[in-house]
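To start, the structure under review is shown below, and the notes come after it.
Owing to the predicted nature of the structure, the values given are computational and were not obtained by experimental measurement. Lettering of chains follows the sequences in order, A, B, ..., and the numbering in each one begins at 1.
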Number of protein chains: 2
Amino acid sequence: MAQGQNRSEHTHGLLFLTDEQLRKGIEAMFFAYRGFTADPDRILAEKSYGRAHHRALHFIQRSPGTTVNNLLSTLGVTKQSLNRVLRTLIEDGLVLNKVGTNDKRQRHLSLTDAGRELEQALSNAQRDRMRSAYRQAGAEAVYGFCTVLEAMMDPDLKQHYDQLTGGDSV
Amino acid sequence: MAQGQNRSEHTHGLLFLTDEQLRKGIEAMFFAYRGFTADPDRILAEKSYGRAHHRALHFIQRSPGTTVNNLLSTLGVTKQSLNRVLRTLIEDGLVLNKVGTNDKRQRHLSLTDAGRELEQALSNAQRDRMRSAYRQAGAEAVYGFCTVLEAMMDPDLKQHYDQLTGGDSV
DNA sequence: AATAATATGTCAGTGTTGTTGACATTCCAA
DNA sequence: TTGGAATGTCAACAACACTGACATATTATT
């Protein structure tokens with residue numbers, strides 16, 4: 001195949017992209033996401049938890065004292081779905097549920113020591129793979145990686161992302 | 001925050017990475033994957049299909065005449081799980097199931113015209129977002145994006161990916 | 001020819017995670 | 001005081017993954 005046909009180029013100021021290149025990105029996302037979740041999944045399976053528990057632990061750790069509503073819109077699930085997960089985490093002593101002082105309707109969520117411990121184990125496993133991938137790829141690639149991912153997000157999800165990551169440079 | 005502390009650097013030949021940067025990548029993957037599936041999901045919902053149907057259609061389109069076993073290892077699910085999806089797609093006239101000529105135990109899968117049509121609609125929706133993200137991010141970023149994703153894959157998944165994408169340059 | 005292995009399909013049961021819809025409670029605010 | 005917001009909970013359901021067991025061709029091996 002001729003080089004020019006299969007390489008990213010700027011044509012009329014726009015990036016020229018073949019369907020093949022786009023398809024490659026789509027498949028990269030599919031296969032990479034499987035790797036992305038594989039390590040935490042193994043730990044979760046031992047404790048008979050699922051990905052939903054991981055996600056809840058992650059975002060509670062990330063924003064200690066967050067409310068249920070905030071967590072709901074971050075995760076993008078229904079409250080019934082989240083509630084099932086939260087209930088088991090609270091029963092198992094991994095998550096604390098504190099009635100708000102200002103607004104007593106709200107519940108502020110935080111991790112217990114045991115919760116932090118599991119979240120750390122899950123995060124470490126996931127970060128190890130991410131670190132290894134980053135190092136294989138190099139600093140420039142990491143910058144591109146985040147840039148494309150950010151451009152792929154829905155605007156409302158992007159807002160949650162920006163709020164969490166605080167606009168830190170990559 | 002001081003610049004040097006929060007920027008990717010090479011230290012002793014290794015990329016220096018803070019937990020914060022790794023966490024950012026993890027969250028970027030989470031939020032971006034939601035965007036990645038959002039558009040096809042809307043089309044699938046109308047036809048009362050799910051993501052599993054999309055994945056099957058995608059990889060059959062990608063490797064016409066592929067066998068059930070090959071599709072199984074690409075998708076990484078059990079044959080019972082795939083069979084449920086394949087059966088509905090065959091019944092609905094989207095997928096063809098042809099007995100092998102060499103080995104009559106095998107079934108060779110391919111798309112019908114209707115199958116190609118739906119796969120195109122799903123792919124177009126997904127590619128549109130990918131194209132838009134690529135163009136926002138630029139050619140260099142796209143290269144980095146794929147590089148990091150490839151480094152994140154499990155080796156056995158990477159093999160499937162390489163086989164499909166055929167080592168084309170990004 | 002008999003036997004083992006392979007490729008596929010199917011049935012039954014189970015678990016996680018998502019959905020709707022309905023309803024109760026508590027509390028803030030107009 | 002009334003309306004709405006935040007939360008929790010119950011029930012039913014669907015998608016999609018899993019395991020285990022079993023059936024049926026077909027091919028490979030001995």
Considering only heavy side-chain atoms of Arg51(A), the closest of dC16(D), dT17(C), dG4(D) is dT17(C)
Categorize His108(A) for me: base, sugar-phosphate, or nothing, with a 4.0 angstrom heavy-atom threshold over every strand shown. nothing
Which of these nucleotides, dA5(D), dT9(D), dC18(D), is closest to any side-chain atom of Lys79(A)? dT9(D)
Over all strands shown, is Asn97(B) touching base, sugar-phosphate only, or nothing at heavy-atom distances under 4.0 angstrom? sugar-phosphate
Regarding His58(A) and Glu27(B), do their side chains bring together a donor and an acceptor under 3.5 Å, going by distance alone? yes
Most 5' of Ser48(A) and Arg107(A) on DNA chain C, judged by nearest nucleotide: Ser48(A)
Do any side-chain nitrogens or oxygens of Asn69(A) fall under 4.0 Å of OP1 or OP2 in dT7(D)? yes
Can you find a donor-acceptor N/O pair under 3.5 angstrom joining the side chain of Arg105(B) to the base of dA25(D)? no
Presence of Arg87(B) side-chain N/O under 4.0 Å of dT10(C) phosphate oxygens OP1/OP2: yes
5'-most by nearest nucleotide on DNA chain D - Asn102(B) or Val85(B): Val85(B)
Which heavy atom of Met152(B) sits nearest a heavy atom of Ala133(A), and at what distance? CG-CB, 3.6 Å
It should be established whether Ser81(A) places a side-chain nitrogen or oxygen under 4.0 Å from OP1 or OP2 of nucleotide dT17(C). no
In whole angstroms, how far is the C1' atom of dT19(C) from the CG atom of Asn83(A)? 15 Å
Please determine if a side-chain N or O atom of Thr78(B) lies less than 4.0 Å away from the OP1 or OP2 oxygen of dA17(D). no
Classify the nucleic acid contact of Asp41(B) as base, sugar-phosphate or nothing, counting any heavy atom under 4.0 Å across all strands shown. nothing
Please determine if a side-chain N or O atom of His53(A) lies less than 4.0 Å away from the OP1 or OP2 oxygen of dT17(C). yes
Within this structure, what is the CG-to-C1' distance between Leu71(B) and dA7(C), rounded to whole angstrom? 14 Å
Touch class at under 4.0 angstrom, heavy-atom based, for Asn70(A) against every strand present: nothing
Without decimals, in angstroms, what is the distance between Lys104(A) NZ and dA29(C) P? 13 Å
More than 12 heavy atoms from other groups under 6.0 Å of CD on Gln159(A): no
Can you tell me how far C1' of dA28(D) sits from CD of Gln106(B), to the nearest Å? 14 Å
DNA chain D: 5'-proximal contact among Leu86(A) and Arg55(B) (nearest heavy atom): Leu86(A)
For the side chain of Gln80(B) and the base of dG20(D), is some donor closer than 3.5 Å to an acceptor across the two? yes
Qualifying residue for salt bridge (Lys or Arg N to Asp or Glu O under 4.0 Å) with Asp41(B), from Arg34(B), Lys47(B), Arg51(B): Arg51(B)
So what does Arg84(B) touch, heavy atoms closer than 4.0 Å: a base, only the sugar-phosphate, or nothing? base
Carboxylate-amine/guanidinium proximity below 4.0 Å for Arg62(B) and Glu20(A): yes
With hydrophobic residues grouped by side-chain heavy-atom distances under 4.5 Å, do Leu71(B) and Leu96(B) end up in a single group? no
Which whole-number value in Å describes the distance from Leu82(B) CG to dC18(D) C1'? 14 Å
